[in-house]
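Below is one structure; the comments refer to it alone.
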Amino acid sequence: MKRIYLDHNATTPVDPAVLEAMMPFFREQFGNASSVHEFGRVTRMAVDRARDSIAKFLGISSASELVFTSGGTESDNFAVLGVAKALRDKGQHIVTSAIEHSAILNTCKFLEKEGYKVTYLKVDEHGLVDLDELRDSLTGDTILVSIMLANNEIGTIQPIEEIARMVKGKGIAFHVDAVQAIGKIPVDVKKLGVDLLSLSGHKFHGPKGVGAIYIRKGTAITTYQHGGHQERNRRAGTENVPGIVGMGKAVDLAREHMAAESARMTALRDRLHRGIANTIKYVRLNGHPELRLPNTLNIGFKFVEGESILLNLDMEGIAASTGSACTSGSLEPSHVLTAMAVDAADAQGSIRFSLGKDNTEEEIDYVIGILPPIIERLRKMSPLYNG
Ligand SMILES: *Cc1c(COP(=O)(O)O)cnc(C)c1O
């Protein structure tokens, strides 16, 4: 059976060129990057090369401001816990949004138990944070604002530059989870005006288990993983050399192909959207109509359960998602759609299609053909639906 992967916001396949770049570092170039001998020097150079390349791609002026981690979750934890600890005596209030990834939300919940206060900003019907509410939420006690650049479930892109201007000059650290944005839209830390930024290799055709965090020079942050002197004493532990090299290569590929790929992706995404809207009644777009990732289409199908749609698509070889991979399996409606005031029944019937560089027009047309009979069949079984 033909298999079509439309779940790239959960993870992406490793690009063959990325795998090829990594292979020598599993084999003959296995040295510890901290070793002084030739084996170590070779891997140290490879790590530095990847760091330089990623830093340049993100507009980071000094590569030493980039710290490698085990992924997006660790980078998010590092930012929130590290700043909270470092600035504890200055204040204990954190501002974030209600639609963040669980790596941010659950870290904030943990800090609430430790005595910190957290404001979870509401979003509008398109998933945009309310800037007035944000401005009003900042107090003398606020030490950190953490807002994602692009949402993983709906793809909505936040006005990070405007938020940075609001936060700047108040002694508040500004962290951005850019995990979903990297490789899809331009990300420049200087232009955005952020202090901290998270990324993750496996969301843009790099390997799993490797990520990085940008920490602007002068940002108060406490290290939370102690041990050796790696990463200038900010993140102990022997470097994941193959992973770091792979993520560096994935950035090189993004640099080369992002502009063209994003245009192609937008066209495919909109083709899928039009195909669905033209053939299926009672559908709605979840997310911002324009300020949205080029690859992300989240559609609500009235009168049906999202899980049933997914299972039916899966039987046809099509992989999609009801939202975040991290919350699937729970019957709770998506916290993102709930925050956008999508009513619970509509949120239940929402499906996220997230496209990637290997998807073709034929695949999209195949999905457009498969979907209407599935939805019709499921609706016929629904007591709420009467044609
Ligand atoms: C996937 C994701 C993460 C977590 O990254 P991992 O590398 O999988 O730990 C964090 N934030 C967002 C927005 C994500 O999409």
Student check: side-chain heavy atoms of [X] and [Y] closer than 4.5 Å:
X      : Y      : result
Thr142 : Thr119 : no
Leu371 : Ile318 : no
Leu268 : Glu361 : yes

If I take atom [atom1] from residue [X] and atom [atom2] from residue [Y], how far apart are they, to the nearest 0.5 angstrom?
X      : Y      : atom1 : atom2 : value
Leu81  : Asp76  : CG    : CG    : 10.0 Å
Arg379 : Tyr282 : CZ    : OH    : 8.0 Å
Ile4   : Asn359 : CD1   : CG    : 8.0 Å
Asp136 : Leu121 : CG    : CG    : 10.0 Å
Ser321 : Asn298 : OG    : CG    : 8.5 Å
Leu311 : Glu316 : CG    : CD    : 12.0 Å

If we ignore angles and hydrogens, is there a donor and acceptor under 3.5 Å between the side chains of [X] and [Y]?
X      : Y      : answer
Ser354 : His8   : no
Thr11  : Lys208 : yes
Asn77  : Thr107 : yes
Ser350 : Asn286 : yes

If two hydrophobic side chains count as joined below 4.5 Å and joins carry through other members, does [X] share a cluster with [Y]?
X      : Y      : value
Met340 : Met148 : yes
Val194 : Leu138 : yes
Leu196 : Ile163 : no
Tyr5   : Ile364 : no
Met265 : Ile154 : no

Checking [X] side chain against [Y] main chain: does a donor-acceptor pair fall under 3.5 Å?
X      : Y      : result
Ser97  : Ile99  : yes
Ser75  : Ala212 : yes
His257 : Gly183 : no
Ser262 : Ala259 : no
Arg3   : Gly317 : no
Gln158 : Gly127 : yes

Working for side chain to side chain donor-acceptor pair (under 3.5 Å), residues Thr156 and His288: CA-CA 5 Å; Thr156 295; His288 198 285; over 6 Å; no
Counting only heavy atoms not in [X], do more than 12 fall under 6.0 Å of its [atom1]?
X      : atom1 : value
Glu112 : CD    : yes
Lys2   : NZ    : yes
Lys170 : NZ    : yes
His229 : NE2   : no

Residue pair [X] / [Y]: nearest heavy atoms and the distance that separates them:
X      : Y      : answer
Arg234 : Ser64  : NH2-O, 2.7 Å
Ala55  : Ala63  : CB-CA, 3.9 Å
Ile157 : Ala150 : CG1-CB, 4.2 Å
Pro333 : Ala347 : CB-CB, 4.0 Å
Phe26  : Pro242 : CZ-CB, 3.5 Å
Leu131 : Glu162 : CD1-OE1, 3.1 Å

Criterion salt bridge (charged side-chain N to carboxylate O under 4.0 Å, His left out) on Glu38 and Arg41, from CA distance to verdict: CA-CA 5 Å; Glu38 175 69 12; Arg41 282 199 302 274; 2.8 Å; yes
I'd like to know if [X] and [Y] make a salt bridge, using a cut-off of under 4.0 Å between side-chain N and carboxylate O.
X      : Y      : value
Arg51  : Glu231 : yes
Glu261 : Arg264 : yes
Asp132 : Arg135 : yes
Lys249 : Asp252 : no

Parallel, tilted or perpendicular: rings of Phe39 and Phe30 (30°, 60°): tilted
Could you list the donor-acceptor pairs under 3.5 angstrom formed between side-chain atoms of residues 184-191 and any protein atom two or more places apart in sequence or on another chain?
| from | atom 1 | to | atom 2 | distance (Å) |
| --- | --- | --- | --- | --- |
| Lys184 | NZ | Asn9 | OD1 | 3.2 |
| Lys184 | NZ | Gln180 | O | 3.1 |
| Lys184 | NZ | Gln180 | OE1 | 2.6 |
| Asp188 | OD1 | Lys190 | N | 2.9 |
| Asp188 | OD1 | Lys191 | N | 3.0 |
| Lys190 | NZ | Ser61 | OG | 2.9 |

